[in-house]
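Single-structure report; data block below.
A, B, ... follow the sequence lines: proteins, then strands. Residue 1 opens every chain.
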Protein chains: 2
Amino acid sequence: MSSTDKVKKRTLIHDIARHLNVSIATVSFVLNGKAKEQRISDALAEKVLRYVEEVGYKPNQLAKSLRTGKTHVIGLIIEDISNPFFATVAWLIEKKAFGRGYRIIYCSTDNNTAKTKDLISMFQERHIDGYIIAPPEGIEEEVNSLLRSNKPTVLLDRYIPSLISDYVVVDGADGTYQAARHLLEQGFENVAFVTSESRQTQMEARLQGYSKALDEAGRAKNIKRFVVNFGEGLERLVSEIYSFIKNNREYDAIIFANNILSIYGLEAIARLGLRIPEDIGVISFDDHDLFRLHSPTITAIAQPVESLAENSIDVLLRKLEQTSEAEALVDTIVLPTSLIIRGSSMRKSGR
Amino acid sequence: MSSTDKVKKRTLIHDIARHLNVSIATVSFVLNGKAKEQRISDALAEKVLRYVEEVGYKPNQLAKSLRTGKTHVIGLIIEDISNPFFATVAWLIEKKAFGRGYRIIYCSTDNNTAKTKDLISMFQERHIDGYIIAPPEGIEEEVNSLLRSNKPTVLLDRYIPSLISDYVVVDGADGTYQAARHLLEQGFENVAFVTSESRQTQMEARLQGYSKALDEAGRAKNIKRFVVNFGEGLERLVSEIYSFIKNNREYDAIIFANNILSIYGLEAIARLGLRIPEDIGVISFDDHDLFRLHSPTITAIAQPVESLAENSIDVLLRKLEQTSEAEALVDTIVLPTSLIIRGSSMRKSGR
DNA sequence: ATGAAAGCGCTAACAG
DNA sequence: CTGTTAGCGCTTTCAT
C-alpha cells in the first residue's frame, strides 16, 4: 500500500523493539519465556507478546539455531518410505514429535550404504538435534561417530551388534518361532523360509526363530535368500520366487520374512496356480491391508507399529531433554510381535 | 588422544585458512567454485580442496544459509505419507531432488487445515527455498501469501481454483469417465459412485467424469459421500460402506473415488458375502498392490506416479533456478490416467 | 590473488 | 528492567 511497497521486508526483532521503545534484549527474553527470570513486568511482557502477535513476527530460525546450536529438528532415517510399515511408523513418529515441538525430516536409505552416509552427513551439516535411524548394513562407522559426538541417536527396527546404543526393535525371533510352530501344528510337513540377502539383525532374528522351531521339531530346514532391491519393479523377484517354489514342491508351507517378499510371493503363487492353504500354507512377517482382503486371508506376524513409534520418539526426546550427559544409560527396547492367524495357515477346521 | 581431547571442536573455515596460510576468502571462493572467477591459481585451489577433503571439513549450512538466504531445501507437503500413492510420489520426488543437490522435507497434512498452516509457517521460519504442496481445503490464504512472496510453489494432485499458480495434476475426470463407460459397456446397469466429503478439485473432477458418462448414457446416478479421517482405523468407514451397499442392492457396480475407499469397500463387500463381479462390479481410482492380487483382481484407474513426481520437481527446480522473476508464466500440467482393466469389472468373457 | 571487515538475525552476558 | 555488545560461521565487497 505505502510507497515502500516493494521493500517487503520481514519484520525483525529489532523492528519490534524499536516500535515498542524497549530493548532488543527485552523482546528476546519475553519471546523465550525468560520474562520472569529477568524480572520483566507482566504488563510489559504482555505488551510485547501482543505486538508480536499483531504483526505476525516470527523469529528467523536459522539465526536462532546458529546462535543456540539447537534446531528442534529430528532426522528420521528409514529404509523406504514407500513401504507401508515404514510409512506408518514415520507418520506416527512425526505426529508425536510435532506435539512436542519437534519437527521431523525423513529420508529413505533404500538400504543403500552410500546414500545413508550422504544423508547423515547432510543432517550433520544442518545440525539437527537427534536421530532415529533404521541402519542399513555397513554403516557402523558413521553411527558410531554420531554416538561418540554425543548426538542423541536411537536405532529403529534393527540395531548394530558391535555398538552400544539405544534402540527400539521387535522380537522377530519369537514371531517366526510362533509362526513356524503354528504351521507345524496345523499339519504342514515341510516349512520353507524365504528371506533377503540382508544380514541385518532383524532379518537374522526372524531366521533364527524359524530355525529354532524346526530344529525342535526335528524337521529339515529350507532357507532361501533373495536379493531385494528398492524401486526395481516386481518382475525379477516374482519370477525368482516362482522358480523357487516350482522347483521345491515338496515344501507345503512358506514363511516370508517381510512384506515385500510376501507380496511378490503371493503373486508367484497365483501365477503357479497353487491353492492356499491346500497346496501351500503361507505366513508373512509384517501385516498389510492386502492380507486381510486376500482370498484366502493371509496369516501375518504383526509388528506393534504404534508402540515402535511411541517408544523411539520417547527415548529420543528423553535424551534430548536431559541436560546432563551423566546418565549414559542406554535404553534397549524389544517389543513383542503378535501372530494374526488367518486362512492361509489353517489346515485344520477353523474351530 | 592429545591433551585437548575434550575440546572436540569442529573444523571451521578459519582453521583451514590458517593452516594453509591463505585467507578465509580464498578458501570460501574455492569451496564455492569461484576460484576461476577470482583468478585463483589451480595449484592453490587444488591444495585447498585436498586439505578440506583430508580433514573432512563441512561448512556449517546454518551459517551459510543465514548468509545467503538459500537453504537448498524443498518442503513437500502431502496429504498422508502412509497412503501408498503419496508415499510413492514422495519417494520419487526425494530421489530426483537429491540428485540435483536439493533436500526434501516432507510432512503430512492429514488434510487438516490447521496442521497445514503450522507446517507452512514452520517452513517459512526455516527459509526453505520452495514448496510442493497437495493443499487441503481452506488453505487458499496461506498458499496465496506464499505465491505473493515469490516463493516458488507448485501444487500437486489438486489445485486451488481461485489461485493462479503452477500445478501438476491428473485428468481424473477422464479417468472416471472411461471407467464408467467401461462398466456400462460390460453390461452393468446401475453404477454408483462412492467418494469422500471433500470438495477438492481432484475429487470433484472424478465425480464429474462419472456424472458425464452416466448422463450421456441416460442412466440414473447414485453418488454417496463418506467422511474419511486419517489414522482412524477402519471400523467406522467399513461399516458405513457396508450399510450403504446393503441398502442399495439395485446397484450392480461401484466406482470408488480413491484407494482408501476402495480398500474399505472391498472389506465391506467381503463381509456382505457378495461376489465380484457377478453381484457387484468394482473399479478403484488409484491402483494398489492389493488390486493385482485380490480375487478377483480389481480394475483400477492408475495415476502416472512417476510422471507426477518428475513433473512437479522439474517445474519447481526450474522456478528455483531461474534468476529473473520476469518469466512469471505458470506451468499447469495435467497428466492422463490409465484404466487397468482386471477381473472386477468384466462381465463379458475375457476376449 | 588476498586480508579486512561488514553483515545475515538472533541470544545472552554484562554493566548499569 | 534496559542498552550494549560479542559472537554463532559463513559470504562477499573493497581496497590493495
Side-chain angles (χ1 to χ4, degrees), chain A residues 7-49 51-52 55-73 124-129 323, chain B residues 7-49 52 55-73 124-129:
Chain A
V7 196
K8 196 179 185 102
K9 284 181 69 64
R10 258 179 90 84
T11 314
L12 304 183
I13 195 170
H14 172 251
D15 301 327
I16 99 112
R18 209 179 29 183
H19 178 93
L20 259 25
N21 273 316
V22 299
S23 94
I24 290 182
T26 306
V27 178
S28 176
F29 288 137
V30 170
L31 253 26
N32 291 296
K34 303 205 171 133
K36 282 274 167 292
E37 191 177 314
Q38 297 290 329
R39 298 150 40 82
I40 291 170
S41 76
D42 289 0
L44 214 190
E46 184 64 16
K47 192 167 82 175
V48 171
L49 258 9
Y51 185 66
V52 162
V55 299
Y57 166 73
K58 303 269 192 235
N60 179 329
Q61 295 296 329
L62 288 172
K64 195 164 174 164
S65 295
L66 178 59
R67 185 58 233 249
T68 61
K70 308 241 126 286
T71 53
H72 273 234
V73 170
Q124 289 186 126
E125 290 164 29
R126 297 192 187 282
H127 294 254
I128 66 170
D129 290 352
T323 38
Chain B
V7 196
K8 193 178 187 107
K9 285 181 70 64
R10 257 179 91 81
T11 313
L12 304 183
I13 195 170
H14 172 252
D15 300 328
I16 98 110
R18 209 179 28 185
H19 178 93
L20 257 26
N21 272 318
V22 300
S23 92
I24 290 182
T26 307
V27 178
S28 177
F29 288 136
V30 171
L31 253 27
N32 292 296
K34 305 208 168 129
K36 280 275 165 294
E37 191 177 313
Q38 297 290 327
R39 298 150 42 82
I40 291 169
S41 75
D42 289 359
L44 213 187
E46 184 64 15
K47 192 168 81 174
V48 171
L49 258 9
V52 161
V55 298
Y57 165 73
K58 302 269 193 237
N60 178 329
Q61 294 297 330
L62 288 172
K64 195 164 175 165
S65 295
L66 178 60
R67 184 58 231 247
T68 60
K70 307 242 127 288
T71 53
H72 273 234
V73 169
Q124 289 186 128
E125 290 165 29
R126 297 193 187 282
H127 294 254
I128 66 169
D129 290 352

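- Contact annotation: A/S28 does not reach the phosphate of C/dA12 (side-chain N/O to OP1 or OP2, under 4.0 Å).
- The two atoms that bring A/A45 and A/A35 nearest to each other are CB-CB, 4.3 Å, heavy atoms only.
- Atom CZ of A/R67 and atom P of D/dG7 are 9 Å apart (whole Å).
- The CD atom of A/E37 sits 16 Å away from the P atom of D/dT2 (whole-angstrom rounding).
- As rounded to whole Å, 17 Å separates atom P of D/dC8 from atom NZ of A/K70.
- Expressed to the nearest 0.5 Å, how far CD of B/Q38 lies from CG of B/N32 amounts to 10.5 Å.
- For C/dT2, one of the phosphate oxygens OP1 or OP2 lies less than 4.0 angstrom from a side-chain nitrogen or oxygen of B/T26.
- The nearest whole Å value for the distance from the NE2 atom in A/H72 to the P atom in C/dC10 is 17 Å.
- In terms of phosphate contacts, B/Y57 brings a side-chain nitrogen or oxygen within less than 4.0 Å of OP1 or OP2 of D/dC10.
- Across all their heavy atoms, A/T26 and A/L44 have their closest contact at CG2-CD1, 4.2 Å.
- Using a 4.0 Å heavy-atom distance criterion, B/S41 is classed as a sugar-phosphate-only contact.
- Residue B/R39 contributes atom CZ, which lies 16 Å from atom P of D/dT13 at whole-angstrom precision.
- Shortest non-hydrogen contact noted between B/G69 and B/D129 is O-OD1, 4.2 Å.
- For C/dC8, neither phosphate oxygen OP1 nor OP2 lies less than 4.0 angstrom from any side-chain nitrogen or oxygen of A/N60.
- Of the two residues near DNA chain C, A/Q61 and B/F29, the one whose nearest nucleotide lies more 5' is B/F29.
- Between A/H14 atom NE2 and D/dT5 atom P the separation is 13 Å, expressed in whole Å.
- Considering only the side chain of A/N32, C/dT11 comes nearest among D/dG3, D/dC10, C/dT11.
- With distances taken from any side-chain atom of A/L44 to the nucleotides D/dT11, C/dT2, D/dT2, the minimum falls on D/dT2.
- Contact between the side-chain N/O atoms of A/S23 and the OP1/OP2 oxygens of D/dG3 is found at a separation under 4.0 Å.
- Here the P atom of nucleotide D/dT5 and the CD1 atom of A/I24 are 12 Å apart, to the nearest Å.
- Between B/K64 and D/dT11, a side-chain N or O to OP1/OP2 separation shorter than 4.0 Å is present.
- The two atoms that bring B/V73 and B/I128 nearest to each other are O-CB, 3.5 Å, heavy atoms only.
- Each of B/L66 and B/I40 was assigned the nucleotide of DNA chain C with the nearest heavy atom; the assignment lying further toward the 5' end belongs to B/I40.
- For the pair A/I13 CD1 and D/dC8 P, the interatomic distance rounds to 19 Å; values are reported in whole Å.
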